[in-house]
Protein chains: 2
Amino acid sequence: MSNLHRLFFKAFSNKTRLEIIRLLRKKPLTVTEICKKTGFEQSRISHNLKCLEHCGFVKVTPNGSFRKYELDKETIIPIVDLFEKHIKKYRKRLECCKVIGQSNRRMKKSEAR
Amino acid sequence: MSNLHRLFFKAFSNKTRLEIIRLLRKKPLTVTEICKKTGFEQSRISHNLKCLEHCGFVKVTPNGSFRKYELDKETIIPIVDLFEKHIKKYRKRLECCKVIGQSNRRMKKSEAR
DNA sequence: AAATTATATGATAATTTTGTCATATGAGTA
DNA sequence: TACTCATATGACAAAATTATCATATAATTT
């Protein structure tokens, strides 16, 4: 359980990256396609794809000015399957964890009075 | 790939919690024992144990004023094994990812001039 | 070669997560 | 009952992560 493990899980523990993984699980996509499907900004997608690539979650195939991203199937898919199992069992608890859940959220500046 | 997945991975992606998991992998321990072995503060351990318990990673057995924490073996151990495999392959890349790696770190206030 | 399209990247503000401090609770013991 | 030990918890400062903005690069088309 080293620092590497932590990095590995960090790559997973982010909304944008998980969304990308979810999409790529179906089929390879370009940056623009991912943008359209998620509704997220392009630079946001690029930054996070870079992270995923760096960590070995995705591979790229340049094609002209496009870059096709696809998911690594050897380890990422099996891991996703495994935690589906865990989540089935602990859904309720995960949902209301105070430390990492939404309830830990503080008031946003924009909400402050 | 929902918000739940994110929470699940978040539970893993923290130094303190990973250290606790590493220790509990060997045998069940009380809070004080974990404190001693890690050198981390007691409230830090308690807060994070609570998170782990909440997320179904650990179970507690109260015993007098002690509380023995042990790891869930059904899903957590297999997952750990799976990512060992991934890490073996991508060690180098994970180590230098700019987005989630150490190099993303900004200067601390105490270091500012 | 200028314009357009696709993607990447650096800096930084906004947000989230974490650890710490102070303190609370609860069980056992003198 | 007062004291000690084991653990929990709330609030908040500090640290880490994230998204966004501005801009860069690189391929393609006109």
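Keep in mind that what you see is a predicted model, and the values were worked out from it rather than measured. Order of the sequence lines fixes the chain letters, A, B, ..., with proteins taken first and strands second; residue numbering starts at 1 for each chain.
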Starting from P on D/dT9, measure out to NE2 on B/H54 and report it in whole angstrom.
11 Å
Closest-nucleotide ordering on DNA chain D, the 5'-leading residue of A/I45 and B/Y69:
B/Y69
How close or far is atom C1' of D/dA19 from atom CD1 of A/I20, stated in whole angstroms?
12 Å
List for me each residue that meets ring-ring contact (aromatic ring centres under 6.0 Å, His included) alongside A/F9, sequence neighbours excluded, and say none if there are none.
B/F9, B/F12, B/F83
Walk along nucleotides 19-30 of chain C from 5' to 3' and tag each nucleotide B, S or - by protein heavy-atom contact under 4.0 Å, base first, then sugar-phosphate.
SBBB----SS--
What is the base-pairing partner of D/dA27, counting Watson-Crick and G-U wobble geometry with both distances under 3.5 Å?
C/dT4
Given D/dA6, C/dT9, C/dT7, which nucleotide is nearest the side-chain atoms of A/V31?
C/dT7
Check the distance between C/dT18's P and B/K50's NZ and give it to me in whole angstrom.
15 Å
Between C/dA8 (P) and A/L52 (CG): distance, integer Å
12 Å
Among residues at least two apart in sequence or on other chains, which ones pass side chain to side chain contact (heavy atoms under 4.5 Å, CB included) with A/T38?
A/E19, A/L23, A/I34, A/F40, A/I45
Compare side-chain N and O positions of A/R67 against OP1 and OP2 of C/dA8 and report whether any pair is under 4.0 Å apart.
yes
Take atom NZ in B/K15; do more than 12 heavy atoms of anything else shown fall under 6.0 Å from it?
no
For A/K73, all residues meeting side chain to side chain contact (heavy atoms under 4.5 Å, CB included), sequence neighbours excluded
A/E70, A/I77
Which residues satisfy the side chain to side chain contact (heavy atoms under 4.5 Å, CB included) test with B/T75, sequence neighbours excluded?
A/K85, A/H86, B/D72
Report the residues that fulfil side chain to side chain contact (heavy atoms under 4.5 Å, CB included) with B/Q42, sequence neighbours left out, ordered by chain and then residue number.
B/V31, B/C35, B/S46
Just the rounded figure in Å: distance from P of D/dA6 to CG of B/L49.
16 Å
